[in-house]
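Read the structure below first, then the notes.
Note that this is a predicted model, so its numbers are computed, not measured. Counting starts at 1 for both ligands and their atoms, in listed order. Numbers here simply count residues along the sequence, with the first being 1.
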Amino acid sequence: MAAQSGSSVFDCIVIGAGIQGSFTAYHLSKHMRRTLLLEQFLLPHSRGSSHGQTRITRKAYPQDFYTKMMADCYPLWAELEKESSTTLYRQTGLLLLGPEENPEFCSTWRSLVQNQVPCQYLTAQEIQKRFPGVCLQPGEAAFIDHTAGVLYADKALRAVQDLFCRFGGTIHDGEKVIDIKPGSVVIVTTTSGVYQAKSLVITAGPWTNKLMASLGLQLPLQTLKIKVCYWKEKVPGSYGVPQNFPCFLGFHLNRAQHHIYGLPSNEYPGLIKVCYHHGKEVDPDERDREAKTPGLQEIPILSDFISNYLPGLEAEPAVIEHCMYTNTPDENFILDRHPSFQNIIVGAGFSGHGFKLSPVVGKILCQLSMGQTPDCDMQPFRIRRFQNQFKSAL
Ligand SMILES: Cc1cc2nc3c(=O)[nH]c(=O)nc-3n(C[C@H](O)[C@H](O)[C@H](O)COP(=O)(O)OP(=O)(O)OC[C@H]3O[C@@H](n4cnc5c(N)ncnc54)[C@H](O)[C@@H]3O)c2cc1C
Ligand SMILES: O=C(O)[C@@H]1CCCCN1
């Protein structure tokens, strides 16, 4: 296929219209960069990581650098709400629950205090009084991040894409990228065209390594299928908005190997979202194929947790949906230039916690693609930290 019209060398092509690619494209178009956003599926779709009604937002992180990045995210989310005339955030607070001595639990509390985030440590008595539907076990404690809440994910994704188009950007959905040729002008071939750009941003979520194959690099990414479970209240309204029930995040409670988290009733009346922060490894193109081996049993883990910690919910899920995580070994993001091609930028490995940070992730990827140095500490996000774990054919 021949490259499309000579005049159409874009400043940037972004591959993948999930929340990270869409926010990158939004920032690029705000900077007057001629930008093409390519998406393999027709929009909106539910095959990646950015679909669904809700995500948690919070400043509570054990790593200080995320808490600091979140301070920049809140104004950007507010700006998006204003630009799109849409409510995208509801403040509910986040209840963090964990064994008193758990190092991650303790460092999250320290980070909140050090960064002067409005927060509050609760005694067992206070928890029982304020959240009678939550039962902690002896030796466990709780604190609240008051800044936290719910982001309306589907609405946010749509708002970012609409604004990108309003600022002059172009989206081609239903167009899968099948080849990338690096160079000072990058050539991108899709199932229906060939395009050129001065820079390329790859934000392909669980498909990142499939695309990186043509660029001689395989990153240490693991794609997990996550079960998104909704549980029915025994007494309607007991874990709902009128009761001021917050989002919650449990650190290895009930001997669980991974976190368990939840959001108050929103998408389905009377159903609370409670999920396990882990899943089975999958090929993103075969997400719904039944696994050959039984592997992780997340529903019994969640049912047992609910019986012990949230006894006001029925212990069988009423609705199960699916989503994917793309995890790095340290669960920090990859935001970097390709080691061999300076005008190819990768944003990947959001490890199940990237939605809230997407306004700043998009800003960083936009700056990298414009040849600028982002003003935040980029060390935690470098590809080189996996020097011994990535495969390069270059
Ligand atoms: C169940 C669940 C709960 C979560 N909870 C939270 C939370 O509470 N708070 C939070 O902050 N984060 C949360 N996250 C994480 C957050 O949703 C993700 O980090 C984020 O959505 C990742 O976005 P992305 O753009 O990288 O990936 P994606 O949304 O997967 O986007 C990648 C896009 O690239 C497209 N693509 C891939 N290959 C090609 C190709 N060859 N050609 C064209 N297009 C291509 C895909 O179709 C896809 O649309 C959660 C995630 C899940 C799954
Ligand atoms: O990013 C978050 O806030 C949540 C925490 C629990 C797991 C899913 N993601």
Side-chain angles (χ1 to χ4, degrees), residues 13-25 36-61 66 70 73 94 96 145 148-151 153-154 156-157 160-161 171-180 188-191 201-214 221 223-229 247-251 258-263 273-279 284-285 287 321-327 331 333-335 346-359 361-362 365:
I13 292 176
V14 179
I15 305 177
I19 196 66
Q20 311 299 1
S22 299
F23 247 120
T24 306
L36 173 65
L37 176 59
L38 292 169
E39 169 54 49
Q40 63 181 341
F41 299 124
L42 290 174
L43 293 169
H45 75 83
S46 56
R47 307 299 309 169
S49 307
S50 300
H51 61 281
Q53 304 287 334
T54 53
R55 294 290 187 277
I56 296 173
T57 185
R58 56 182 159 118
K59 285 191 180 161
Y61 262 100
Y66 285 124
M70 278 310 300
C73 281
L94 173 74
L96 296 107
D145 168 0
V150 176
L151 287 170
D154 282 341
L157 184 61
V160 180
Q161 291 169 352
I171 301 183
H172 287 192
D173 61 350
E175 242 188 277
K176 180 176 176 169
V177 173
I178 49 175
D179 188 47
I180 302 166
V188 175
T189 306
T190 72
T191 38
V201 177
I202 300 176
T203 42
W207 288 267
T208 301
N209 268 336
K210 295 199 181 208
L211 274 166
M212 297 306 279
S214 62
L221 297 172
T223 300
L224 302 177
K225 173 176 171 176
I226 304 297
K227 289 193 172 152
V228 183
C229 304
C247 296
F248 73 86
L249 178 55
F251 289 68
H258 299 274
H259 298 341
I260 293 174
Y261 64 97
L263 290 84
K273 177 151 101 175
V274 181
C275 308
Y276 195 49
H277 186 46
H278 202 68
D285 290 313
R287 190 195 74 181
E321 295 166 346
H322 294 102
C323 189
M324 282 182 286
Y325 285 180
T326 309
N327 281 18
E331 296 189 14
F333 311 157
I334 291 173
L335 308 172
V346 188
F350 295 99
S351 305
H353 65 106
F355 204 98
K356 67 184 86 55
L357 286 141
S358 57
V361 165
L365 297 175

Go ahead and list the nitrogen or oxygen contacts between ligand 1 and the protein that come in under 3.5 Å, distances to 0.1 Å, or just say none.
{"from": "ligand 1", "atom 1": "8 (O)", "to": "I56", "atom 2": "N", "distance (Å)": "2.7"}
{"from": "ligand 1", "atom 1": "9 (N)", "to": "I56", "atom 2": "O", "distance (Å)": "2.9"}
{"from": "ligand 1", "atom 1": "11 (O)", "to": "H353", "atom 2": "O", "distance (Å)": "3.3"}
{"from": "ligand 1", "atom 1": "11 (O)", "to": "F355", "atom 2": "N", "distance (Å)": "3.0"}
{"from": "ligand 1", "atom 1": "11 (O)", "to": "K356", "atom 2": "N", "distance (Å)": "2.8"}
{"from": "ligand 1", "atom 1": "11 (O)", "to": "K356", "atom 2": "NZ", "distance (Å)": "2.8"}
{"from": "ligand 1", "atom 1": "12 (N)", "to": "G354", "atom 2": "N", "distance (Å)": "3.4"}
{"from": "ligand 1", "atom 1": "12 (N)", "to": "F355", "atom 2": "N", "distance (Å)": "3.1"}
{"from": "ligand 1", "atom 1": "14 (N)", "to": "G352", "atom 2": "O", "distance (Å)": "3.4"}
{"from": "ligand 1", "atom 1": "17 (O)", "to": "S49", "atom 2": "O", "distance (Å)": "3.0"}
{"from": "ligand 1", "atom 1": "17 (O)", "to": "R55", "atom 2": "NE", "distance (Å)": "2.9"}
{"from": "ligand 1", "atom 1": "17 (O)", "to": "R55", "atom 2": "NH2", "distance (Å)": "3.4"}
{"from": "ligand 1", "atom 1": "19 (O)", "to": "G354", "atom 2": "N", "distance (Å)": "3.2"}
{"from": "ligand 1", "atom 1": "21 (O)", "to": "S49", "atom 2": "O", "distance (Å)": "3.0"}
{"from": "ligand 1", "atom 1": "21 (O)", "to": "S50", "atom 2": "OG", "distance (Å)": "2.8"}
{"from": "ligand 1", "atom 1": "23 (O)", "to": "S50", "atom 2": "OG", "distance (Å)": "3.3"}
{"from": "ligand 1", "atom 1": "25 (O)", "to": "I19", "atom 2": "N", "distance (Å)": "3.3"}
{"from": "ligand 1", "atom 1": "25 (O)", "to": "Q20", "atom 2": "N", "distance (Å)": "3.1"}
{"from": "ligand 1", "atom 1": "29 (O)", "to": "S49", "atom 2": "N", "distance (Å)": "3.3"}
{"from": "ligand 1", "atom 1": "29 (O)", "to": "S50", "atom 2": "N", "distance (Å)": "3.1"}
{"from": "ligand 1", "atom 1": "29 (O)", "to": "S50", "atom 2": "OG", "distance (Å)": "2.5"}
{"from": "ligand 1", "atom 1": "30 (O)", "to": "S49", "atom 2": "N", "distance (Å)": "3.1"}
{"from": "ligand 1", "atom 1": "30 (O)", "to": "S49", "atom 2": "OG", "distance (Å)": "3.4"}
{"from": "ligand 1", "atom 1": "41 (N)", "to": "V177", "atom 2": "O", "distance (Å)": "3.1"}
{"from": "ligand 1", "atom 1": "42 (N)", "to": "V177", "atom 2": "N", "distance (Å)": "2.9"}
{"from": "ligand 1", "atom 1": "44 (N)", "to": "Q40", "atom 2": "N", "distance (Å)": "3.0"}
{"from": "ligand 1", "atom 1": "47 (O)", "to": "E39", "atom 2": "OE2", "distance (Å)": "2.7"}
{"from": "ligand 1", "atom 1": "47 (O)", "to": "Q40", "atom 2": "NE2", "distance (Å)": "2.9"}
{"from": "ligand 1", "atom 1": "49 (O)", "to": "E39", "atom 2": "OE1", "distance (Å)": "2.6"}
{"from": "ligand 1", "atom 1": "49 (O)", "to": "E39", "atom 2": "OE2", "distance (Å)": "3.2"}
{"from": "ligand 1", "atom 1": "49 (O)", "to": "H45", "atom 2": "NE2", "distance (Å)": "2.8"}

Working to the nearest 0.5 Å, report the span between [atom1] of [X] and [atom2] of [Y].
X: D285; Y: W207; atom1: CG; atom2: CH2; result: 6.5 Å
X: R58; Y: L94; atom1: CZ; atom2: CG; result: 7.0 Å
X: I202; Y: L38; atom1: CD1; atom2: CG; result: 11.5 Å
X: L43; Y: H172; atom1: CG; atom2: NE2; result: 12.0 Å

Task: K227: partners by salt bridge (Lys or Arg N to Asp or Glu O under 4.0 Å), with sequence neighbours left out - done: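 Counting only residues at least two positions away or on another chain, K227 forms a salt bridge (Lys or Arg N to Asp or Glu O under 4.0 Å) with E298.
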
TODO: Tell me, please, which residues at least two apart from Y325 pass ring pair (Phe, Tyr, Trp, His ring centres under 6.0 Å).
DONE: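 Once residues adjacent in sequence are excluded, the partners of Y325 under the ring pair (Phe, Tyr, Trp, His ring centres under 6.0 Å) criterion are H277.
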
Open item on the list: Which label fits Y66 and H353: parallel for a plane angle under 30°, tilted from 30 to 60°, or perpendicular past 60°?
Closed with: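 Ring orientation, 0 to 90° scale: perpendicular.
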
Task: Shortest non-hydrogen contact between F248 and I56, atoms and distance - done: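 Heavy atoms only, the tightest pair is O-CD1, 4.3 Å.
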
Open item on the list: What I want to check is whether the side chains of T190 and E175 have a donor and an acceptor closer together than 3.5 Å.
Closed with: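 Distance-only check passes for T190 and E175.
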
May I have the N/O to N/O pairs between ligand 2 and the protein that fall below 3.5 Å, each with atom names and distance to one decimal?
{"from": "ligand 2", "atom 1": "1 (O)", "to": "R58", "atom 2": "NH2", "distance (Å)": "3.3"}
{"from": "ligand 2", "atom 1": "1 (O)", "to": "K356", "atom 2": "NZ", "distance (Å)": "2.5"}
{"from": "ligand 2", "atom 1": "3 (O)", "to": "R58", "atom 2": "NE", "distance (Å)": "2.6"}
{"from": "ligand 2", "atom 1": "3 (O)", "to": "R58", "atom 2": "NH2", "distance (Å)": "3.1"}
{"from": "ligand 2", "atom 1": "3 (O)", "to": "K356", "atom 2": "NZ", "distance (Å)": "3.3"}
{"from": "ligand 2", "atom 1": "9 (N)", "to": "G352", "atom 2": "O", "distance (Å)": "2.8"}

